Amino acid sequence: MTIARRLTPKIIKKVAEQASTSNNRLHVLPREGKWVVRKDGATRVIGIYVSRDAALKVAKRNKSKSKIIVHDRTGNIARVIS
Amino acid sequence: MSFDQSVFINCPFDNNYQVLLRPLIFSLLSFDLNPRISETESSAHIRIEEIMRLIKTSKYSIHDISRKKALKQGDIARFNMPYEMGLDIGCQKFGTGKLKEKKCLIFDSNRHEYDISCSDISGQDIKAHNNDPETLIVKVREWFVRLLNRRLPSAASIWENYTEFVTDMNEQLALEGFSRKEIASLSHSEFIILASNWIKESRK
């Protein structure tokens, strides 16, 4: 039998702390019918592209030690490229 | 919880709607508002009492009536949302004091679909989200900018922050041993706690 995990105050705090942690990830996400590449916490995007493939190509070129998070149209994670 | 900052959300609670509900909740938290949703799974009598309490204690309401028709053949159309919307509009019309200040925003999936199915609501603030979370964020922001009369984060920044939060939540909860299924089925109140704490931290 699987026991559902409980969301404890400690876990809530750990998730929140990620907001101010430099995770050095690149996000490829849809925006207004196009695709953008954005670094974690950045106020400006790296670029705006007509297709997800074009955005992904740029993200891969910019990728150093970071990983790429590709989002789907709902904002959820579609793919992670480490 | 303050009346002026509370937003009652009247929407479907199925998994298909989660892709709109979570960005909606995240947007309201980004505006420093308190999203309020009934999670009562007890009897219909207790549920409606809970909903009436939320309606009476929330200045703002967001009603999504896009699921008033069956999504596929064999499904049954759902009328809880239009019913609760009627209760809310009635509360504003017939209530006294601060209840007169109540404001509501109505969402449908397509523009003017309500003209056919629920024409009596014409004249209210009705917007179409096209079942698209980005569009929903833009429309919610436009509505609150007009009502709150203060600066709000841009729709693009809310959307970008939302995707970052989703990543942090999924990664961190996975590290804590949560399965993908458990993360997807977090309750609304759990999602609200996680998102509000993350937003507070991101502002530091």
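We name chains A, B, ... by the order of the sequence lines, and we start the count at 1 in each one. None of the values given here were measured: they were computed from a predicted structure. Only heavy atoms go into these numbers, but all of them, side chains included; no hydrogens, no water, no symmetry mates.
Residues Glu160(B) and His27(A) are not in side-chain contact: their nearest non-hydrogen atoms beyond the backbone lie 4.5 Å or more apart.
For Lys39(A), the NZ atom is loosely surrounded, since the number of other residues' heavy atoms within 6.0 Å does not exceed 12. At most 12 non-hydrogen atoms from other residues, nucleotides or ligands lie less than 6.0 angstrom from OH of Tyr83(B). Counting non-hydrogen atoms of other residues, nucleotides and ligands closer than 6.0 Å to CZ of Arg151(B) gives a total of 12 or fewer.
Listed options Glu32(A), Glu17(A), Lys14(A), Lys13(A) were ranked by heavy-atom pairs under 4.5 angstrom with chain B; first place goes to Lys14(A).
With rounding to the nearest 0.5 Å, the separation of CD1 in Ile69(A) from CD in Glu164(B) is 10.0 Å.
Proximity to chain A among residues 192-204 of chain B is limited to Ile193(B), Leu194(B), Asn197(B), Trp198(B), Glu201(B), Ser202(B), judged by heavy-atom separations below 4.5 angstrom. Residues of residues 70-82 of chain A lying within less than 4.5 angstrom of chain B, judged on heavy atoms, are His71(A), Arg73(A), Thr74(A), Gly75(A), Asn76(A), Ile77(A) in numerical order. Residues of residues 40-61 of chain A that come within less than 4.5 angstrom of chain B, heavy atom to heavy atom, are Asp40(A), Gly41(A), Val45(A) in numerical order. For residues 167-177 of chain B, a heavy-atom distance under 4.5 Å to chain A picks out Thr167(B), Asp168(B), Met169(B), Asn170(B), Glu171(B), Gln172(B), Leu173(B), Glu176(B), Gly177(B), given by residue number.
The parts of Leu7(A) that come within reach of chain B are both its backbone and its side chain, each placing non-hydrogen atoms under 4.5 angstrom from that chain. Both the backbone and the side chain of Phe178(B) have a heavy atom closer than 4.5 Å to some heavy atom of chain A.
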